[in-house]
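Notes follow the structure.
Order of the sequence lines sets the chain letters (A, B, ...), proteins ahead of strands, with each chain counted from 1.
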Amino acid sequence: MATEMNKTYNPAEIEDRLYRKWLEKGYFHAEVDRSRKPFTIVMPPPNITGQLHMGHALDNTLQDILIRFKRMQGYNALWQPGTDHASIATEVKVTAKLKEEGIDKEELGREGFLARTWEWKKEYGGRIVSQLMKMGSSADWDRERFTMDEGCSKAVEEVFIRLYEKGYIYRGSRIINWCPVCQTSISDAEVEYEDQAGHFWHINYPVAGTDRYIEIATTRPETMLGDTAVAVHPEDERYKDLVGRKLILPLVGREIPLVEDSYVDKEFGTGAVKITPAHDPNDFEVGKRHNLPEINIMNDDGTINENGGKYAGMDRYEARKAIVRDLEEGGYLVRIEKHDHNVGTHDRCHTTVEPMVKQQWFVKMDELARPAIAAVKNGELRFVPEHFDRTYLHWLENIRDWCISRQLWWGHRIPAYYCQECGEITVAKEKPAACPKCGCHQMVQDEDTLDTWFSSALWPFSTLGWPEKTEDLEYFYPTDVLVTGYDIIFFWVIRMVFSGYEHTGKSPFRDVLIHGLVRDELGRKMSKSLGNGIDPLEVIEQYGADALRLTLVTGNAPGNDMRFSEKKILASRNFANKVWNASRFMLMNIEKADLSGVSLSNLTPADRWILSKANTLVKDVTENMENYDLGIAVAKLYDFIWEEFCDWYIEMVKPRLYNDEDATKAAALFTLKSVLITALKLLHPFMPFITEEIFCSMQDQEESIMISSWPEYDENYDFSREEKEVEIIKTAVRNIRNMRADMNVPPSRKATVYVVSDKEEIRRVFEHARVFFATLGYASEVLVQPDKAGIPEDAVSTVIPDAVIYIPFADLVDVEKEIARLEKEAKRLAGEIKRASGMLNNEKFISKAPAAKVEEEKEKLARYTAMAAQVEERLSQLRS
RNA sequence: GGAAGGUUAGCUCAGUGGGAGAGCACUCGCUUGACGUGCGAGGGGUCGCAGGUUCAAGCCCUGUACCUUCCACCA
């Protein structure tokens, strides 16, 4: 097998094959099993209109890492997937497609349109799922759900009816956000504010029966058609004498009152505000307080309606121009001022939202919000990172009622029926045969559908069978962690939490792991309009899913945005190649080896060192992953594999492997293999494909790494003495390399290495390590001795703790250079001595710092002092 | 107006009160029997600024400057 492995790792030829294997084996599937502990993640359902983008890629990578980790740890891990019907997004898309075919939505009718949309869903709804599979996502696809499937729809009905009966859902005429393009109401969360350059139009409103005027200022002159008052502050002396009088609305001629309301800011503008209750949320409130009529001046498409008189039929912006022109001609326009302001737009289409008074369905939020607020305050629900609980709480504590009805066809139709005779409203699962009040048979269902988020709010439990008391629900719910972006806390997280408490009595998840946005190289949001998006599928094709996944978690802390760039992918790809080649090295060497006789007692200090390091790594990585510090976990893995394992251990082991006489060869192979397996297992959640491919190349292992067990810390593999010994060797090797580089000695030139130490202990360590120096330290031979006997006077030297290393280069030596080098060493040591003695001379340090810390500094001081003395001795020798 | 986050090497970013880190970039050297998608050796940081707490601060506290984002919306 090993000899068949390519020199470079080629993900394209293995990923699909392995994914198919996992699917066929059913590894992703979870069933209720009371003998095991469940671990559940519910996947944020991507829209059926969706195409995989970097946001999905990040979100799914994080979830897959956690679920694979827990699965290997022995949990019965369920990752519940599915898709969202995405009412507006889908309806817009299908309508556009019909239009291309020359079909008008209205002519097609509701039934026909829904049939077409289901067809569309069938055709494209699966696309995003197959794209998620390309990422290596180990979700339980057998359980795939859809927010409009039978079960989820039942849950929606159930919730609507329960909340209605409890009085938490009501129908009312209130001011809502209206999108004139999508022609539907939208919730507050769907309004996005944009800075726009605009104007302030100052207009004179004549006071009836006088020749006086009141000057008002507005950014939206067209709304004056719906003005039903002008308001001033009650304490505003300027207008005191006019309160109670009527004003004449210019162009319209309607008489409107001047009212007093403390909502008005005396200092702003002229201190007089036109009040348009039907088209401004604040004016709506003022209107309610003063019993003002609400005059709706607009049609659903944003044109002026019959209430607008001569302006009827004009688009709202056309009307604005016409009105300003007419005001000017009529002498009412005082002046025009430039004014930048924030304009609410629809987050889907960016059309400027029109506030309108409409009959809509709402969810009353104050009671529902209460347990959701308490959950975070009492720690039942935890955000990672923690500071997002501020965002969450702030929103919940200031929440307004949720407008849930949408004037769309694609979605869950509101289960309310109106009696055509008496107007009675009946909320029920089925259409009532007769009106319960008047008994007539003219019952008509509400035309509207529900906000998409109404159904996704139930996702964590509706997918597990709620409202039925299913085994799945009992066992897998509440879920363990929700993974999502901070941009979706308001839309989704909050609504799931209050829904969970209301309908199941529990928080739907314990932890919420929040991640940031994936931005482009320059830190800009990836967007279609900028054309700066990087397609994850293209990255996968070119570099592999593992490289993409690694890139998305490397160097990133929870909640932070990250910049994505080609360079980062290359670094990940290179790491994959490194892992591949380290494995190839092991496999090539192990082919004909017999490891049966190896036991702990056969292992050399180097073997024990790397096993001990790996053992510590297991503990650290596991801990980091439990804390959702995935970036830290993977950084430790990266460093361990690349530096400790490849650059040090593999290099140390080569002479043993290439010498058939070496009695420790089998021990080396055993160690190589077991450390590699441990590392691959720890790496598997991050890089599932490459680790599986390598793991399966070792025929004596389980059939898949993804069902193998997560490594556990084992105190029998804690070899701290050997760790210290190898650190000494590493220091020696580094110093030798340093010397050679400083003296410009080419690697091809081997030399004798003398190690002089008066400590038997240290000499023993070097005797054991002698074999490494040929490759690591370019040594032709290594002589370990208690004194300097036989070492040429002009040898180059370096001092390490408890030993001095000499290398005679004969003709190569340059005494000046050597003195300079040693002086550099002396300087460094002097610095260390100064630092340590500084601390130790501080009485407060001695008395207040922990004893171990003080002891540590004392040891350092002693060591560095001894080393400095050695360097000085060498220097004086050379100078003489 | 309110809130959160950021400010650490040329760039991108980690950092868990006790001698400043990684990747990329840069300089020098290397056909070392896994890997040049590699190996070895380097250069490069008053950790935004000012105070404070502490024996000890990049890390904790206060203030401040600048950047980013979210929420609110004075018409």
Side-chain angles (χ1 to χ4, degrees), chain A residues 2 5 7-9 193 200 216-220 223 230-231 263-265 267-276 280-283 286 339 341-344 385 387-388 390-391 394-395 398 486-487 489-490 516-517 521 523 543 554-557 559-565 567-568 570-589 623-624 627 629 631-632 635 638-639 646-647 650-651 654 657-658 733-734 737-742 744-748 774-776 778 831-832 835-836 839 842-850 853-854 856-857 860:
Chain A
M5 284 173 84
K7 211 167 158 181
T8 50
Y9 171 60
Y193 288 90
F200 247 147
I216 58 95
T218 179
T219 54
R220 305 191 52 204
T223 61
V230 167
Y263 147 73
V264 179
D265 182 350
E267 314 303 322
F268 190 82
T270 59
V273 187
K274 65 191 267 311
I275 300 297
T276 321
D280 182 282
N282 291 309
D283 294 4
V286 175
H339 181 69
H341 58 150
N342 271 356
V343 175
H387 69 253
F388 282 103
R390 300 288 299 266
T391 313
H394 183 262
W395 174 270
N398 295 286
Y486 59 67
D487 51 335
I489 293 175
F490 305 134
L517 265 36
E521 207 169 352
Y543 303 102
T554 297
N556 193 237
N560 288 359
D561 288 355
M562 70 165 309
R563 297 188 190 200
F564 196 91
S565 70
K567 280 179 181 172
K568 288 183 179 176
L570 281 176
S572 302
R573 188 274 314 257
N574 292 352
F575 178 66
N577 196 53
K578 191 73 184 176
V579 172
W580 182 254
N581 274 292
S583 307
R584 199 160 69 97
F585 173 81
M586 187 277 285
L587 290 163
M588 281 165 65
N589 284 288
E623 216 173 274
N624 291 145
N627 294 328
D629 285 325
I632 295 173
Y638 184 103
D639 287 347
C646 291
D647 292 346
I650 287 182
E651 293 308 320
K654 278 177 180 173
L657 299 183
Y658 298 152
V733 166
R734 272 194 283 254
R737 287 170 175 171
N738 249 310
M739 274 196 276
R740 297 180 61 108
D742 283 349
N744 293 321
V745 184
S748 54
T775 46
L776 296 173
Y778 318 98
E832 298 291 357
R835 197 192 57 81
M839 282 173 88
N842 183 345
E843 269 180 43
K844 284 180 175 170
F845 173 72
I846 305 282
S847 59
K848 297 204 173 178
K853 183 72 199 163
V854 175
E856 198 181 302
E857 289 305 320
K860 279 181 198 167

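Taking atom P in both C47(B) and C26(B), the straight-line distance is 27 Å, to the nearest Å. When the C1' atom is used for both U53(B) and C39(B), the distance is 48 Å, rounded to whole Å. The gap from the P atom of G29(B) to that of U68(B) amounts to 44 Å, rounded to the nearest Å. Straight-line distance between the P atoms of G10(B) and G44(B): roughly 11 Å, to the nearest whole Å. Taking atom C1' on both nucleotides, C71(B) is separated from C24(B) by 37 Å, rounded to a whole Å. Rounded to a whole angstrom, the distance from the C1' atom of U54(B) to that of A14(B) is 26 Å. Taking the C1' atoms as reference points, G6(B) lies 14 Å from G58(B), given to the whole Å. A4(B) and U12(B): their C1' atoms are spaced 23 Å apart (whole Å).
When each of Val230(A), Val273(A), Val286(A) is paired with Val264(A), the side chain to side chain contact (heavy atoms under 4.5 Å, CB included) condition holds for Val273(A) and for no other.
Atom P of nucleotide A72(B) and atom CG of Asn398(A) are separated by 9 Å, given to the nearest angstrom. Lys568(A) has its NZ atom 12 Å from the C1' atom of A22(B), to the nearest Å. One atom, CZ of Phe388(A), and another, P of C71(B), lie 13 Å apart when rounded to the nearest Å. Taking atom OH on Tyr778(A) and atom C1' on A41(B), their separation rounds to 9 Å, with Å as the unit. With rounding to whole Å, Ile632(A) atom CD1 is found 18 Å from C59(B) atom P. Look at CG on Asp629(A): it is 9 Å from P on U16(B), rounded to the nearest Å. Spacing between atom NE2 of His394(A) and atom P of G5(B) amounts to 14 Å, rounded to whole angstrom units. With rounding to whole Å, Met5(A) atom CE is found 12 Å from C35(B) atom P.
Under 4.0 angstrom from either OP1 or OP2 of A75(B) there lies at least one side-chain N or O belonging to His339(A). Applying the 4.0 Å criterion to OP1 and OP2 of U37(B), one finds that Arg573(A) has every side-chain N and O outside that range. Between Lys848(A) and the phosphate of C55(B), there is a side-chain N or O to OP1/OP2 separation shorter than 4.0 Å. An OP1 or OP2 oxygen of G29(B) is reached within less than 4.0 angstrom by no side-chain nitrogen or oxygen of Asn744(A). Taking 4.0 angstrom as the limit, Asn738(A) places a side-chain polar atom (N or O) nearer than this to OP1 or OP2 of G42(B).
Pro850(A) comes within 4.0 angstrom of a base, heavy atoms only. Nucleic acid contact for Asn842(A): sugar-phosphate only, since backbone atoms but no base atoms lie under 4.0 Å from a heavy atom of the residue. Nucleic acid contact for Arg835(A): base, since at least one base atom lies under 4.0 Å from a heavy atom of the residue.
Across all strands shown, nothing is found opposite C73(B) as a Watson-Crick or G-U wobble partner with both distances under 3.5 Å. Pair assignment for G51(B): C61(B), on the basis of Watson-Crick or G-U wobble contacts that are both within less than 3.5 Å. Across all strands shown, C39(B) pairs with G29(B); the Watson-Crick or G-U wobble distances both stay below 3.5 Å. Shown here, A34(B) forms no base pair; nothing in the strands shown gives a Watson-Crick or G-U wobble contact with both key distances under 3.5 Å. When both distances must be under 3.5 Å, the Watson-Crick or G-U wobble mate of A22(B) is U12(B). Remark: A56(B) base-pairs with no nucleotide in the shown strands. Criterion, Watson-Crick or G-U wobble with two distances under 3.5 Å. Nucleotide C66(B): paired with G6(B) (Watson-Crick or G-U wobble, both distances less than 3.5 Å).
Ranked by how close their nearest RNA chain B nucleotide is to the 5' end, Asn581(A) and Gly555(A) are led by Gly555(A).
Residue side chain Arg563(A) does not reach the base of U12(B) through any donor-acceptor N/O pair under 3.5 Å, judged by distance alone. A donor-acceptor contact under 3.5 Å is formed by the side chain of Asn342(A) with the base of C73(B). You won't find any donor-acceptor pair under 3.5 Å spanning the side chain of Lys7(A) and the base of C35(B), going by distance alone. Side-chain atoms of Glu857(A) stay outside donor-acceptor range of the base of A56(B), with no qualifying N/O pair under 3.5 Å.
A side-chain donor-acceptor contact under 3.5 Å links Asn581(A) to the backbone of Lys7(A).
Using a 5.5 Å limit on the distance between ring centres and a 30° limit on the angle between planes, the aromatic ring of Tyr658(A) counts as stacked on the six-membered base ring of G33(B).
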Q) Given Arg737(A) and Leu776(A), is the side chain to side chain contact (heavy atoms under 4.5 Å, CB included) satisfied, shown in steps? A) CA-CA 8 Å; Arg737(A) 287 170 175 171; Leu776(A) 296 173; 3.6 Å; yes
Q) Between Val854(A) and Glu857(A), does a side chain to side chain contact (heavy atoms under 4.5 Å, CB included) hold up when you go through it step by step? A) CA-CA 5 Å; Val854(A) 175; Glu857(A) 289 305 320; 5.9 Å; no
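With A34(B), C55(B), A41(B) as the choices, the nucleotide that has an atom nearest any side-chain atom of Phe845(A) turns out to be C55(B).
Between Phe585(A) and Tyr658(A), the ring planes are perpendicular. Angles over 60° get that label, and only those under 30° would be called parallel.
Residues Thr391(A) and His394(A) fail the side-chain proximity criterion, which asks for heavy atoms closer than 4.5 Å.
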